[in-house]
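Structure provided below as structure tokens; questions to follow.
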2 protein chains.
Amino acid sequence: MSKIPLPSEAQLEILDLLWQQQPATVQDLHERLTARRQVSYNTVLTQLQRMTKAGLVKRDTSQRTHAYRAAVKREQVERRLFHRLADTAFGGSTVNLALRALGSEKPTPEELDELQQWINEQKQ
Amino acid sequence: MSKIPLPSEAQLEILDLLWQQQPATVQDLHERLTARRQVSYNTVLTQLQRMTKAGLVKRDTSQRTHAYRAAVKREQVERRLFHRLADTAFGGSTVNLALRALGSEKPTPEELDELQQWINEQKQ
DNA sequence: AATTAAATACGACAATTGTAGTTAAACTAC
DNA sequence: GTAGTTTAACTACAATTGTCGTATTTAATT
């Protein structure tokens with residue numbers, strides 16, 4: 001099942017774009033990523049090729065212009081990334097990590113509600 | 001000020017031990033780290049040397065056996081790490097990231113209380 | 001058909017990362 | 001003081017990472 005590695009930083013950026021809109025071509029992704037920072041088409045392509053090999057994305061090669069989609073679930077990847085961080089520096093407590101991270105934030109009322117709801121669920 | 005880089009994964013592990021107890025010698029840290037996973041003395045030493053050069057830790061070389069202490073604040077590093085993660089894949093919302101990460105956890109009552117308290121503070 | 005554009009494959013490369021070996025100096029214990 | 005032990009400096013090395021360039025193929029334009 002999950003011998004799929006976690007995405008690297010640069011890969012995560014692209015994967016994030018895919019999660020937002022799938023499927024997508026290299027050009028799509030390059031355009032969208034360029035909106036955030038300067039990066040060449042080939043760089044995006046290479047990362048997509050690496051992610052394909054790694055099993056992080058799938059591609060449809062039936063057309064000359066390949067179409068990509070994520071092969072991993074957003075929730076799972078995010079949870080694993082978070083855990084890796086929590087494990088190495090927060091004594092494994094994700095709640096601690098969450099609290100620490102929240103510490104300096106000013107959440108929107110919606111976000112607060114979501115959090116509140118989560119807590120209520122846990123209490124039952 | 002902060003051209004100090006973020007610690008790598010392995011460095012964070014060691015830094016975490018330092019934050020728990022400072023100052024510490026390489027041997028101290030090696031022993032404590034070994035409790036978590038197998039790693040050689042030299043590996044710990046090398047990381048400490050790299051962290052020293054990077055400005056992440058300071059060392060007292062007045063004795064033959066050097067003594068290390070963190071040169072960066074835990075809160076700051078953790079917040080930066082968290083933000084880096086949030087920025088690349090969570091649309092910059094740390095609350096979202098926190099929620100996502102909490103998703104599958106079973107927190108202790110104490111942790112729940114802490115979270116609840118944080119929420120209450122935010123509401124005011 | 002000839003030229004240009006678009007797309008992928010493949011290779012390259014420097015920097016970082018994790019890991020550890022070798023060397024040499026400085027203590028420690030006989 | 002001779003032999004082992006600790007410690008740190010330095011070197012090494014393969015894997016990963018982020019970044020592109022070049023070559024090649026295929027499609028579009030004129």
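Just so it is clear: chains get the letters A, B, ... in the order the sequence lines come, proteins before strands, and each one is counted from 1. Hydrogens, waters and symmetry mates play no part in the numbers below; they use all other heavy atoms, side chains included.
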Practice item. Please state whether the phosphate of D/dA9, meaning OP1 or OP2, lies under 4.0 angstrom from any side-chain nitrogen or oxygen of B/H66. Key: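 B/H66 to D/dA9 OP1/OP2: side-chain N or O found under 4.0 Å.
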Exercise for review: Look at A/Q27 and C/dA7 and indicate whether a side-chain polar atom (N or O) is within less than 4.0 Å of OP1 or OP2.
Suggested key: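 Answer yes for this pair, as a side-chain N or O of A/Q27 is under 4.0 Å from OP1 or OP2.
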Review point. Would you call A/E78 and A/R74 a salt bridge, using N to O less than 4.0 angstrom?
Key: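 Result for this pair is yes, salt bridge flagged.
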Check your understanding: At under 4.0 Å, does any side-chain N or O of A/S8 touch on OP1 or OP2 of D/dG18?
Key ->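 Result: yes.
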Check your understanding: Whole-Å distance between C/dG11 P and A/K53 NZ?
Key ->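 Rounded to whole Å, this separation is 10 Å.
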Check your understanding: Can you find a side chain N or O atom of A/T43 that sits less than 4.0 Å from OP1 or OP2 on D/dC20?
Key ->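 Yes.
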Exercise for review: Give a yes or no on whether a donor-acceptor pair under 3.5 Å exists between the nucleobase atoms of D/dT19, that is its base, and the side chain of A/R50.
Suggested key: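 Present.
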Check your understanding: Expressed in angstrom and rounded to an integer, what is the separation of A/R36 atom CZ from D/dG18 atom C1'?
Key ->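 Atom CZ in A/R36 sits about 15 Å away from atom C1' in D/dG18.
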Check your understanding: How long is the line joining CG of A/D60 and P of C/dA7, in whole Å?
Key ->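 To the nearest whole Å, that distance equals 15 Å.
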Review point. Do A/D113 and A/Q117 have side-chain N/O donor and acceptor atoms under 3.5 Å apart?
Key: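 Not at all, the side chains of A/D113 and A/Q117 share no donor-acceptor pair under 3.5 Å.
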Review point. Whole Å only: how far is the CZ atom of B/R59 from the P atom of D/dT7?
Key: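 Taking CZ of B/R59 and P of D/dT7, I get 15 Å after rounding.
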Review point. About how many Å separate CG of A/L33 and CG of A/D28, when rounded to the nearest 0.5 Å?
Key: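 Reported value, rounded in 0.5 Å steps: 12.0 Å.
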Check your understanding: Is the distance from OP1 or OP2 of C/dG21 to the nearest side-chain N or O of B/Y41 less than 4.0 Å?
Key ->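 For C/dG21, neither OP1 nor OP2 has a side-chain N or O of B/Y41 closer than 4.0 Å.
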Check your understanding: In whole angstrom, what separates B/L33's CG from C/dA20's P?
Key ->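 These atoms are roughly 11 Å apart.
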Exercise for review: Could you tell me whether the phosphate oxygens of D/dA8, OP1 or OP2, come under 4.0 Å of any side-chain nitrogen or oxygen in B/Q49?
Suggested key: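 Answer is no, no contact under 4.0 Å.
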**Study point:** Selected nucleotide, minimal atom distance to A/V26 side chain, candidates D/dT17, C/dT19, C/dT8
**Key:**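 Of all the options, the side chain of A/V26 is nearest to C/dT8.
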Exercise for review: Describe the nucleic acid contact of B/T61 in one word from base, sugar-phosphate, nothing, applying a heavy-atom distance below 4.0 Å.
Suggested key: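 No contact at all - B/T61 keeps every heavy atom at 4.0 Å or more from the nucleic acid.
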**Study point:** Length of the line joining A/L15:CG and D/dT17:P, which is rounded to integer Å
**Key:**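 Rounded to the whole Å, the gap is 14 Å.
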Review point. If you measure only the distance, is there a donor-acceptor pair under 3.5 Å linking the side chains of A/N42 and A/S40?
Key: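 No pair is found: no donor N or O on one side chain lies under 3.5 Å from an acceptor on the other.
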Check your understanding: What's the CG-P distance between B/L12 and C/dT16, to the nearest Å?
Key ->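 About 18 Å, once rounded to whole Å.
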Review point. Has B/E121 got more than 12 heavy atoms of other residues, nucleotides or ligands less than 6.0 Å from its CD?
Key: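 It does: B/E121 CD has more than 12 such atoms within range.
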Point to revise | Residue pair A/Y68 / A/I14, side-chain heavy-atom distance below 4.5 Å | key: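 No; the side chains remain at least 4.5 Å from each other.
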Practice item. Could you tell me whether the side chain of A/R64 has a donor or acceptor atom within less than 3.5 Å of a complementary atom in the base of C/dA6? Key: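 When only heavy-atom distances are counted, A/R64 does reach the base of C/dA6 through a donor-acceptor pair under 3.5 Å.
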Review point. Checking only heavy atoms, does the side chain of B/N42 share a donor-acceptor pair with the base of C/dT22 at less than 3.5 Å?
Key: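 Answer yes: a donor N or O sits under 3.5 Å from an acceptor.
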Check your understanding: Starting at CD of B/Q11 and ending at P of C/dG18, how long is that distance when rounded to a whole Å?
Key ->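 In whole Å, C/dG18 P and B/Q11 CD are 7 Å from each other.
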Practice item. Would you mind classifying the nucleic acid contact of A/T46 as base, sugar-phosphate or nothing, using non-hydrogen atoms under 4.0 angstrom? Key: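 Since a base atom lies under 4.0 Å of A/T46, the category is base.
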Practice item. Please confirm whether any donor atom in the side chain of A/T65 sits under 3.5 Å from an acceptor in the base of C/dA6, or the reverse. Key: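 Looking at the base of C/dA6, it does not pair with any donor or acceptor on the side chain of A/T65 (distance under 3.5 Å).
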Exercise for review: Look at the side chain of A/L45 and decide which nucleotide, out of D/dT19, D/dG18, C/dT8, has an atom nearest to it.
Suggested key: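 Among the listed nucleotides, the one closest to the side chain of A/L45 is C/dT8.
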Check your understanding: Mapping A/Q38 and A/L6 onto DNA chain D by nearest heavy atom, which one lands closer to the 5' end?
Key ->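 On the 5' side of the pair lies A/L6.
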Check your understanding: B/Q47 near the nucleic acid: base, sugar-phosphate alone, or nothing, with a heavy-atom cut-off under 4.0 Å?
Key ->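 Touches a base.
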